[in-house]
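Right, one structure below, let's go through it.
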Amino acid sequence: MNIVFYVSAVVAVIATALAITRLRPVHALLNLIVSLMAVALIFFVLGAPFVAALEVIVYAGAIVILFVYVVMMLNLGESVVAMERRWLPARAWIAPSIMALVLLGEVGYVIMRSGGNSTKGVGIAPEEVGAALFGPYIIGVELSSMLLLAGIVGAFHLARRDHLEPEITEER
Amino acid sequence: MATVPMWHALLLAGILFALGLTGVLVRRNVVFILLSIEVMFNSAGLAFVVAAARWAQPDGQVMFIFILTMAAAEVAVGLALILYMHHRFHTLDADAISIMRG
């Protein structure tokens with residue numbers, strides 16, 4: 001099973017690197033789906049089948065599809081590629097990449113010094129996760145429900161058209 | 001089930017987080033910035049699940065579910081803001097909305 005982990009890890013890194021470098025939003029989103037699927041496979045081999053299912057259903061199935069709908073609604077067309085090309089000269093990548101690499105090097109140094117522990121290789125069944133979620137972590141579930149409600153209200157308010165249209169005509 | 005060294009898995013989470021961070025820093029299109037933030041959330045969740053697998057406890061997976069909930073709420077509001085920005089300013093350039101006024 002270890003080989004599945006390493007192959008999925010390589011796929012996840014390559015797909016994520018492609019996702020953040022693509023010029024067209026839809027290509028980036030498709031690469032992100034591949035990356036999320038690879039991470040879901042990693043979750044599965046690490047013994048977290050419930051989380052692997054959630055990764056596919058919620059991340060790849062709901063969040064990325066939300067992105068796809070928004071890209072569709074924005075109706076960007078061919079102009080976005082030229083725009084991205086103008087915004088992203090090769091030199092724009094140098095400084096952020098170096099900074100991220102330095103931080104990654106530091107994190108890697110700390111992780112490698114932390115000793116040779118291995119993952120246990122035992123699966124954690126969904127009922128154990130559910131028992132923990134609705135036992136000691138019940139307050140987190142309540143807070144999540146409030147967060148989701150705030151998200152719904154906020155998204156509804158921001159996306160409303162009736163208060164949007166007069167402002168646009170006012171601005172011009 | 002895989003018994004990989006913990007630092008391999010944590011390093012993968014670190015690499016994914018660094019990639020997301022690079023995306024946030026480099027891109028100017030707000031759609032890509034939001035997408036990179038999702039990558040960073042996902043890598044943080046991966047670190048939690050790796051810790052859950054290391055100690056064979058469900059707590060890490062519970063934290064992943066909370067991260068998932070937060071990412072869903074965040075992306076809903078973020079995408080609504082992107083739609084608003086596109087309608088009002090006719091651009092997706094993050095630099096175009098650098099001035100905040102009521």
Side-chain angles (χ1 to χ4, degrees), chain A residues 1-2 5 9 12-13 16-17 20 25 28 32 39 43 45-48 50-51 54 58-59 62-63 66-67 70-71 73-74 84 87 92-93 96-97 100 103-104 107-108 111-112 116-124 128-129 132-133 137 140 144 147-148 151 154-155 158-159 164 167-168, chain B residues 1-7 9-12 14-16 18-23 25-29 31-32 34-36 38-39 42 46 49-50 52-59 61-62 64-66 68-77 79-84 86-88 92-93:
Chain A
M1 287 296 250
N2 282 8
F5 173 86
V13 170
T16 308
I20 63 165
L32 182 66
V39 174
F43 287 159
V45 297
L46 285 179
F50 182 54
V51 162
L54 278 182
V58 179
Y59 257 113
I63 294 179
L66 209 58
F67 269 101
V70 167
V71 169
M73 282 173 76
L74 292 175
E84 289 288 331
W87 282 350
W93 288 93
S97 304
L103 290 176
L104 178 62
V107 170
I111 289 170
M112 271 182 243
N117 293 315
S118 287
T119 56
K120 287 280 183 284
V122 292
I124 298 169
E128 281 180 68
V129 182
L133 191 61
Y137 291 101
S144 301
L147 180 71
L148 282 174
L158 285 169
L164 208 61
E167 275 181 4
I168 290 172
Chain B
M1 294 294 140
T3 51
V4 291
M6 196 186 179
W7 69 271
L10 285 178
L11 197 64
L12 172 67
I15 291 170
L16 290 179
L19 281 170
L21 180 65
T22 315
L25 291 174
V26 172
R27 305 302 297 230
R28 277 176 71 182
N29 189 328
V31 176
F32 285 98
L34 208 56
L35 190 147
S36 304
E38 289 306 311
V39 172
N42 193 39
L46 175 61
V49 173
V50 170
R54 159 70 181 78
W55 280 281
Q57 295 289 322
D59 304 63
Q61 298 191 22
V62 172
F64 179 84
I65 293 171
F66 288 148
L68 196 73
T69 314
M70 191 189 59
E74 178 263 346
V75 84
V77 176
L79 287 171
L81 276 171
I82 289 176
L83 281 179
Y84 183 85
H86 191 254
H87 279 294
R88 182 156 173 179
L92 292 174
D93 186 358

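Chain letters run A, B, ... following the sequence lines, proteins first and then strands; every chain starts at 1.
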Can you say whether B:E38 sits under 4.5 Å from chain A via the side chain, the backbone, both, or neither, judging by heavy atoms? both
Identify which of B:A80, B:A53, B:A72, B:A52 forms the greatest number of heavy-atom pairs closer than 4.5 Å to chain A. B:A53
Any side-chain heavy-atom pair of B:F64 and B:L46 under 4.5 Å: no
Measure B:L21 against the heavy atoms of chain A and call it side chain, backbone, both or neither at under 4.5 Å. side chain
Heavy-atom pairs under 4.5 Å with chain A, option from B:P5, B:G14, B:G23 with the top count: B:P5
Among A:S144, A:A62, A:G108, A:A132, who wins on heavy-atom pairs under 4.5 Å with chain B? A:S144
Report yes if the side chains of B:L83 and A:L158 come closer than 4.5 Å at any heavy-atom pair, otherwise no. no
Counting heavy-atom pairs under 4.5 Å with chain B, which one of A:A92, A:S118, A:G151, A:A12 comes out on top? A:S118
Heavy-atom closest pair (B:F32 atom, A:A28 atom, distance to 0.1 Å) is CE2-CB, 3.3 Å
Atom of B:T22, atom of A:A100 and distance for their closest heavy-atom approach: OG1-CB, 3.2 Å
What residue in B:I82, B:V4, B:L79, B:L34 has the most heavy-atom pairs under 4.5 Å with chain A? B:V4
Pick one of side chain, backbone, both or neither for A:V39, based on which atoms fall under 4.5 Å of a heavy atom in chain B. side chain
For the interface with chain A, which of B:V31, B:T69, B:L25, B:L35 has the highest count of heavy-atom pairs at distances below 4.5 Å? B:L35
Honestly, the part of B:I15 sitting under 4.5 Å from a heavy atom of chain A is both
Let's go through A:V129 and A:Y137 carefully: what are the C-alpha distance in whole Å and the side-chain angles of both, what is the deciding distance for side-chain contact (heavy atoms from CB on, under 4.5 Å) to 0.1 Å, and is it a yes or a no? CA-CA 10 Å; A:V129 182; A:Y137 291 101; over 6 Å; no
Nearest-0.5 Å distance that lies between atom CG in B:L92 and atom CZ in B:R27: 11.5 Å
For chain B, which candidate among A:W93, A:Y59, A:W87 shows the most heavy-atom pairs at distances under 4.5 Å? A:W87
Among the options B:V39, B:L10, B:N42, B:V49, pick out the one with the most heavy-atom pairs lying under 4.5 Å from chain A. B:N42
Selection from A:S97, A:G123, A:A155 maximising heavy-atom pairs under 4.5 Å formed with chain B: A:A155
Any side-chain heavy-atom pair from B:L12 and B:V50 closer than 4.5 angstrom? no
Among A:V107, A:V71, A:L66, which residue has the highest count of heavy-atom pairs closer than 4.5 Å to chain B? A:L66
Taking A:L54, A:N117, A:T16 one by one, which has the highest count of heavy-atom pairs under 4.5 Å against chain B? A:N117
Please state whether the side chain, the backbone, both or neither of A:L32 comes within less than 4.5 Å of a heavy atom of chain B. side chain
Roughly how far, to the nearest 0.5 Å, is CG of B:L11 from CE of B:M6? 12.5 Å
Identify the heavy atoms of B:A56 and A:V122 that sit nearest to each other, and give their distance. CB-CG2, 3.5 Å
For residues B:Q61 and A:G47, report the shortest heavy-atom separation together with the two atoms involved. NE2-O, 3.8 Å
Interface moiety of A:F5 toward chain B, non-hydrogen atoms closer than 4.5 Å: side chain
Please report the interatomic distance CG(B:L81) to CD(B:E74), rounded to the nearest 0.5 Å. 10.0 Å
